Amino acid sequence: MSKLTPQEISEKVREAGVVGAGGAGFPTHVKLSAQAEIVIVNAAECEPLLKTDQQLAARYPEELIKGLTLAMESTGAPKGIIALKAKYKEAIIALTPYVQTRDNLEIVIMPDIYPAGDEVITIWLTTGRRVPPGGIPLNIGVVVNNVQTLINVAKAAEGTPVTTRTLTVTGAVKNPITVTVPIGTSIRDVLELAGGEQGDLAYINGGPMMGSLISDLSAPVTKTTGGLIALPKGHMLIERKGMTVDSILRIAKTVCEQCSFCTDLCPRHLIGHELPPHKLIRAVNYQKVGDPSLVTSALTCSECGVCEAYACPVGISPLRVNIALKAELRAQGIKYQGELGKVDPMAQHRLVPSARLMDRLRLRPWYKEAPLSLDKYEPEEVSLKLQQHIGAAAVPVVQVGDRVRVGQLIGDIPEGALGAKLHASLEGTVTQVTPQAITIGKGGAAK
């Protein structure tokens with residue numbers, strides 16, 4: 001047990017600027033201020049090609065267990081679960097000795113399917129509990145954090161803020177690698193660590209399923225940058241992600257045959273959420289005609305991409321339609337009010353095997369080892385976004401000309417807002433402060 005009280009743990013995590021290292025970056029101190037029955041370590045590495053969490057778990061098991069223990073103490077949770085896949089043998093071997101000595105910790109092996117790693121599916125597969133549609137894990141007494149987040153929690157307890165990000169750089173690069181870089185390092189600089197650009201390529205920020213196209217290689221790495229994947233510009237994933245919403249809607253209106261495969265394979269629908277992608281396509285095609293509950297069920301879409309990348313036989317993207325619907329509904333302040341239904345009796349058999357997904361996405365040529373590098377990288381300049389998470393952007397507390405050290409507070413949480421603190425990731429001089437970012441360069445004279 002740590003010597004810190006639950007309130008002190010949460011406060012140290014707040015001071016360190018820890019946010020969820022996967023997904024949207026929810027401020028972790030808020031999660032740890034709640035009461036829970038189970039804390040789950042999401043080490044499933046949901047997306048194909050990415051390897052960060054499994055490698056960090058294998059390399060730093062003690063820090064991960066410490067972070068998990070602190071999260072359990074802070075939330076009062078009597079049980080901790082580490083969710084892994086059987087193929088992550090090195091992580092299992094590294095963690096097992098720690099779990100064997102603790103009655104309240106357990107490693108749970110999940111099937112090698114997609115989207116194991118999505119927190120709602122991970123909770124269901126490891127505990128049998130189901131998050132209600134439109135709800136959050138705390139509604140059923142669960143808190144979920146990924147590996148890198150909990151390692152950051154362990155560091156926060158020692159007074160070390162978040163200043164780096166570990167991410168996998170893979171695909172059509174010369175030397176696929178998993179690297180740790182200062183937050184604010186440009187994507188171009190990170191790609192150079194993997195051998196640089198190799199031909200006429202496009203890049204995805206995150207995983208192949210849920211990641212987004214990168215339009216600017218000068219953009220900075222943030223606390224939530226999940227990975228960088230390089231693919232030829234003609235690859236099906238790049239072309240699909242580059243399609244406009246208007247073109248997707250036109251295709252949906254002309255070729256959707258209402259086969260319902262997208263609904264049959266939708267992970268949320270399988271565990272009892274109302275969400276029926278094929279009916280949402282039909283509703284949108286006819287000016288949103290249909291039950292209001294059905295239309296608003298788009299708000300419960302996890303954006304996992306199974307419907308567009310695996311289920312649809314005619315190339316429609318229910319995912320992008322749902323994203324457009326969600327934006328429209330949220331702008332109107334509409335919330336989903338439906339209830340949890342029954343689990344599909346075929347649910348576990350309809351989740352997509354990872355190997356089959358890799359083949360469907362034509363990613364086999366790019367599935368390569370990306371070993372974890374322990375080298376320390378220091379760029380000449382970093383640009384730290386003031387908003388790297390859900391909530392309000394950080395407020396700068398430095399100005400141009402200030403000299404800063406690594407770990408120094410440069411952005412604070414606005415009064416009374418949900419947010420996260422921001423710390424310098426490079427020792428140097430503040431060269432620019434804008435409403436969007438703070439830039440720090442190694443050179444430059446102090447003011």
Side-chain angles (χ1 to χ4, degrees), residues 20 22-24 26 36-48 79 81-85 106 108-146 207 209-210 259-281 291 293-312 318-319 321-323 325-326 335-354 356-357:
F26 192 84
E37 299 168 13
I38 303 172
V39 175
I40 297 177
V41 183
N42 187 351
E45 210 89 65
C46 186
E47 291 266 24
K79 185 175 181 63
I81 291 174
I82 304 172
L84 285 159
K85 294 178 181 176
E106 178 185 5
V108 176
I109 303 300
M110 297 194 297
D112 189 13
I113 53 89
Y114 182 84
D118 167 81
E119 69 176 10
V120 170
I121 299 301
T122 298
I123 292 170
W124 174 60
L125 289 172
T126 55
T127 70
R129 301 185 184 193
R130 293 183 294 150
V131 178
I136 59 174
L138 273 173
N139 295 148
I140 54 171
V142 179
V143 165
V144 183
N145 288 293
N146 76 359
M209 293 290 281
M210 300 179 72
C259 68
S260 81
F261 286 169
C262 54
T263 297
D264 292 341
L265 295 179
C266 172
R268 287 288 196 271
H269 189 81
L270 289 172
I271 65 164
H273 290 200
E274 179 181 7
L275 182 63
H278 77 288
K279 291 183 180 179
L280 287 168
I281 292 289
D291 188 315
S293 174
L294 185 150
V295 175
T296 58
S297 72
L299 292 165
T300 68
C301 173
S302 68
E303 302 178 20
C304 72
V306 167
C307 55
E308 70 164 13
Y310 192 84
C312 184
L319 163 66
V321 173
N322 283 354
I323 290 173
L325 260 179
K326 287 164 76 172
K335 295 184 178 181
Y336 179 68
Q337 303 293 331
E339 297 181 356
L340 190 61
K342 294 181 179 179
V343 175
D344 187 309
M346 292 293 290
Q348 295 219 22
H349 306 289
R350 286 181 174 166
L351 296 173
V352 181
S354 297
R356 195 174 297 172
L357 180 64

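Position 1 is the first residue of the sequence, and the numbers go up from there. A quick note: this is a predicted structure, and the numbers were derived from the prediction, not measured.
- Residues forming a salt bridge (Lys or Arg N to Asp or Glu O under 4.0 Å) with E339 (at least two apart in sequence, or on another chain): none.
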- Item | Residue pair L280, L275: steps toward the side chain to side chain contact (heavy atoms under 4.5 Å, CB included) verdict | CA-CA 8 Å; L280 287 168; L275 182 63; 3.6 Å; yes

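- Around atom CZ of F261, no more than 12 heavy atoms belonging to other residues, nucleotides or ligands sit under 6.0 Å away.
- For K85 against S354, the heavy-atom pair with the smallest separation is NZ-OG, 3.9 Å.
- Between T126 atom OG1 and E119 atom CD the span is 11.0 Å, to the nearest 0.5 Å.
- In this structure, CG on D264 lies 7.0 Å from NE2 on H269, to the nearest 0.5 angstrom.
- Judged as a side-chain hydrogen bond (donor to acceptor under 3.5 Å, both in side chains), the pairs with a partner in residues 129-141 (not counting sequence neighbours) are, in order, E37-R129.
- Partners of E308 by side-chain contact (heavy atoms from CB on, under 4.5 Å), not counting sequence neighbours, listed by chain and number: R240, S317, P318, L319, R320.
- Residues L138 and A36 share a closest heavy-atom pair of CD2-CB, 4.2 Å.
- The side-chain contact (heavy atoms from CB on, under 4.5 Å) test applied to P353 returns R356, not counting sequence neighbours.
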Please list, one pair per line, the donor and acceptor atoms closer than 3.5 Å that link side chains of residues 299-307 to other protein atoms, with sequence neighbours excluded.
unit_1 : atom_1 : unit_2 : atom_2 : d
T300   : OG1    : S297   : O      : 2.7
E303   : OE2    : K326   : NZ     : 2.7

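- Here the CD1 atom belonging to I81 is positioned 9.5 Å from the CD1 atom belonging to I123, to the nearest 0.5 angstrom.
- When the side-chain hydrogen bond (donor to acceptor under 3.5 Å, both in side chains) test is applied to T296, no partner is found at least two apart in sequence or on another chain.
- Residues satisfying the side-chain hydrogen bond (donor to acceptor under 3.5 Å, both in side chains) test with D344, not counting sequence neighbours, are R350.
- The side-chain hydrogen bond (donor to acceptor under 3.5 Å, both in side chains) search around H278 returns T263, not counting sequence neighbours.
- Looking only at side-chain heavy atoms (C-beta outward), P133 and E274 stay at 4.5 Å or farther from each other.
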Practice item. Go through the steps to decide whether V131 and I136 satisfy the test side chain to side chain contact (heavy atoms under 4.5 Å, CB included), and finish with yes or no. Key: CA-CA 6 Å; V131 178; I136 59 174; 5.5 Å; no

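- Every side-chain contact (heavy atoms from CB on, under 4.5 Å) that C46 has, sequence neighbours left out, goes to Y114, P115.
- Using a 4.5 Å heavy-atom cutoff, the side chains of I40 and T127 are in contact.
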Pair L325-V295, side chain to side chain contact (heavy atoms under 4.5 Å, CB included): steps then yes or no
CA-CA 8 Å; L325 260 179; V295 175; 4.2 Å; yes

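- A salt bridge links E106 with K79: at least one charged nitrogen is closer than 4.0 Å to a carboxylate oxygen.
- A donor-acceptor pair under 3.5 Å is absent between the side-chain atoms of H273 and the main chain of L340, judged by distance alone.
- Taking CD1 from I121 and CD1 from I271, the interatomic distance works out to 4.5 Å, rounded to the nearest 0.5 Å.
- Minimum interatomic distance between V343 and A347 (heavy atoms only, all atoms of both residues): CG1-CB, 3.8 Å.
- The salt bridge (charged side-chain N to carboxylate O under 4.0 Å, His left out) contacts involving residues 132-142 comprise nothing, where partners must be two or more places apart or lie in separate chains.
- Residues T122 and G117 come closest through the heavy atom pair OG1-N, 3.0 Å.
- For D118, the side-chain hydrogen bond (donor to acceptor under 3.5 Å, both in side chains) partners are R268, not counting sequence neighbours.
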Between I109 and L84, is the side chain to side chain contact (heavy atoms under 4.5 Å, CB included) condition met? List the steps. CA-CA 5 Å; I109 303 300; L84 285 159; 4.2 Å; yes

